[in-house]
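Remarks on the structure that follows.
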Protein chains: 2
Amino acid sequence: MVSVGPRRFEHDVVNFRLACDDFQHRVQPERSDHVDKFELKLDQAARAAWLSYVGGRTQDEIASQLGVSRPGVQRLLALARQEGLVKVHIDHPLANCMVMSDAILKRFGLEFCDVVPADPDAADSSAHYLAVAGAERLSRYLDRSEPLTLSLGTGRSVRAMVEALSRIDRPQHRFVSLVGNVARDGSANRYDGVMVLADKTGGERFLLPAPVVAGSVEEKQAMLSQHLFQAIAEVAKQAEAAFIGIGRIDRQATLFQDHFISETELEELLSLSAVGELLGWPLNQAGEVIDCSITRRVTSLPLEMFRDQSLVALAGGRDKGPAILAALRGGWLKGLITDENAARFIIESENL
Amino acid sequence: MVSVGPRRFEHDVVNFRLACDDFQHRVQPERSDHVDKFELKLDQAARAAWLSYVGGRTQDEIASQLGVSRPGVQRLLALARQEGLVKVHIDHPLANCMVMSDAILKRFGLEFCDVVPADPDAADSSAHYLAVAGAERLSRYLDRSEPLTLSLGTGRSVRAMVEALSRIDRPQHRFVSLVGNVARDGSANRYDGVMVLADKTGGERFLLPAPVVAGSVEEKQAMLSQHLFQAIAEVAKQAEAAFIGIGRIDRQATLFQDHFISETELEELLSLSAVGELLGWPLNQAGEVIDCSITRRVTSLPLEMFRDQSLVALAGGRDKGPAILAALRGGWLKGLITDENAARFIIESENL
DNA sequence: TCATCGATCGATCAAATGATCGGACAGGAA
DNA sequence: TTCCTGTCCGATCATTTGATCGATCGATGA
């Protein structure tokens, strides 16, 4: 899955390295006849490149046309690409997305990164695309016929993803919710993502009978020691991949709006410069889990548990940028599905 | 040598056909879900194209990344190219030349066409490039070790070409001058192209002991019946290729300036709408040899003789455009070495 | 409901491409 | 002059790419 290195067109990110190679090549022989020779070679390279990329000739044809051997043509083409003579442009709105996706992928060592297009003006324009892209990735797992365990976080994005999924019969699969589906008032969320997913596939469902954040440290301990909780946690540990959302930490934060944390607690998190949360675990700008009074009451499985799973995050919108960036910096994610706006924020923040 | 058809990038000329194919595909299913489906496919195609051409991924990598089979990726890439999503630009002054060269090559069914860059302001800027390009082609023949017969016309371009040639030891080759090296006053040109070429290679030289245009029909007949003349003509017939210049027919014409034809004769040619000449044979705009009083006195070998030889013409400059175009239209040439200015004239005249 | 048509998809093979290696050649130092 | 060193060039092999063909799936109409 990991790219084995630049193969054909070395633009964008890679160009930098090649430019350096070039530097060593060209600056050393400064004398004019050498430069002339180089220019001549470049001319030939340009011809070869044109014949190959625009004219669509094969290297054999080019070879006989330019009067060199085929390997010679190959060297000319390589030269032309190194010197940046060949410019490829993909004429499609997705091209930008691909550029950013690739940059993020490489920067944070992800296994995949999908960036869906979004209109910067229309705030929620990308929500549906995000859901579809997520469903696409999700169904990649579900397609398999061998039994599979997947875990899901909460959030609008995750929810929309499973709703965008088309029905598929996979009774052998198991789905676990990573985040308690019980609100602080004790009401259970009947429409948890796992429920929908299990309905659509006919698979088994495992729901965590707990709130995200317990009322007290003691309550958390009590919950963690429950047999049922431990059994479900055990299933979650076997999951191959986890699809989760990324939460902001500010007054619009889901954690706060849904009353999982109080205003005082929010203030505390903000004062500790939390910028996002993963499964209820608050992260600072560097992506480290912040140790504070709230952390000690979070009932979610510890993030370390997901080191050997494919932790896939879905989140979009420029507002979520800082939170997504934190998750990336922490190295928690294996996959990211986001939108153009958030991606642009990340690219800018990291100077990519 | 002939192109076997579009292979990879179908731009420029070929794009037209592909656009038609596309038309049939896309217009028939006008219903919106079909269009949507097509759009989705195009999105995928854009992604695939980006990953392949910009990202430099291999098709296998793209396949696993997009979750389709490798042939699927191939179809996506083909689609992307058909739809014109992939734009390739060669960032080099020669790119224009290559475009024109290719257009001329295809339009007139040449075996090769070299277009060298030229500054439209500096009139003679391309003369040297032309010579070098010609020498390049010439040495392609000379490199061969088997005995070879080549014939040469006259003119500054041909002369410059042989001078640009580097020395090479080929005593087995034979070189024939196609145009008399005797001026009307009887003086022989000691520095004929053939002389230089034979000097540089050590090959045999055959010079036509005649002026281009004889003084009268009788003189021509006398000359053609000479044994020496016939012997040399016989050698010329065995030539594999002929490198010749292309002459204008106007007051700047070499034929006229060197007094091979008189002012009256020039007027006659112009009144018959001659626009150029090949080895002294005047051509009209369609490239047909004009039958007139001068034609009957031209001592050069008939152009028909070169139908099964590689007749290669060297000529540049916008002024020579009409003459070159005539030679091309007549279908006399197998190869053309010209410059940007002349090429542009040809492209514009033929609406390419 | 079934048969047929069409389209799409993936396995297979041929062609084209990229990379490595050994050898030749030129330029420079002993 | 001879040897050495670095560079360039072309033969060969592995990989990648393109194209064809049969199979499968879904749609359409009887």
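First the proteins, then the strands, lettered A, B, ... as listed; each starts at 1. Just so it is clear, the values below take in all heavy atoms, side chains as well, and ignore hydrogens, waters and symmetry mates. Everything quoted here is computed from the prediction, not taken from an experiment.
Taking 3.5 Å as the limit, the base of dG18(C) and the side chain of Arg70(A) contain a donor-acceptor pair of atoms between them. A donor and an acceptor atom sit less than 3.5 Å apart, one in the side chain of Arg75(B) and one in the base of dG10(C).
Put simply, Thr58(B) has a side-chain N or O that comes within less than 4.0 Å of OP1 or OP2 on dT17(D).
For Glu163(B), the side chain to side chain donor-acceptor pair (under 3.5 Å) partners are Arg159(B), not counting sequence neighbours.
For the pair Asp60(A) CG and dA14(C) C1', the computed distance is 14 Å after rounding to whole Å. The distance between atom CD of Glu61(B) and atom P of dT15(D), rounded to the nearest whole Å, is 14 Å. We find that CG of Leu77(B) is positioned 15 Å from P of dT16(D), with the value rounded to whole Å. If you take CZ of Arg57(A) and C1' of dT17(C), they are 18 Å apart, rounded to a whole angstrom. Atom CG of Leu40(A) and atom P of dC8(D) are 14 Å apart (whole Å). Atom CZ in Arg81(A) sits about 12 Å away from atom C1' in dA19(C), given to the nearest Å. Summarising the geometry, the separation between CG on Leu76(B) and P on dG10(C) is reported as 11 Å, rounded to the nearest angstrom. Rounding to whole angstrom units, CD1 of residue Ile62(A) and C1' of dA15(C) are separated by 15 Å.
Interatomic distance, Arg140(B) CZ to Leu66(A) CG, rounded to the nearest 0.5 Å: 7.5 Å. Taking CG of Asp339(B) as the reference point, atom CE of Met100(B) lies at 8.5 Å (rounded to 0.5 Å).
When the nucleotides dG18(C), dG18(D), dC9(D) are ranked by their closest atom to the side chain of Gln59(B), dG18(D) comes out on top. Checking dA19(C), dC9(C), dA16(C) against every side-chain atom of Gln74(A), the shortest atom distance belongs to dA19(C).
One finds no salt bridge joining Asp169(B) and Lys200(B) here, because no Lys/Arg side-chain nitrogen approaches an Asp/Glu carboxylate oxygen to under 4.0 Å.
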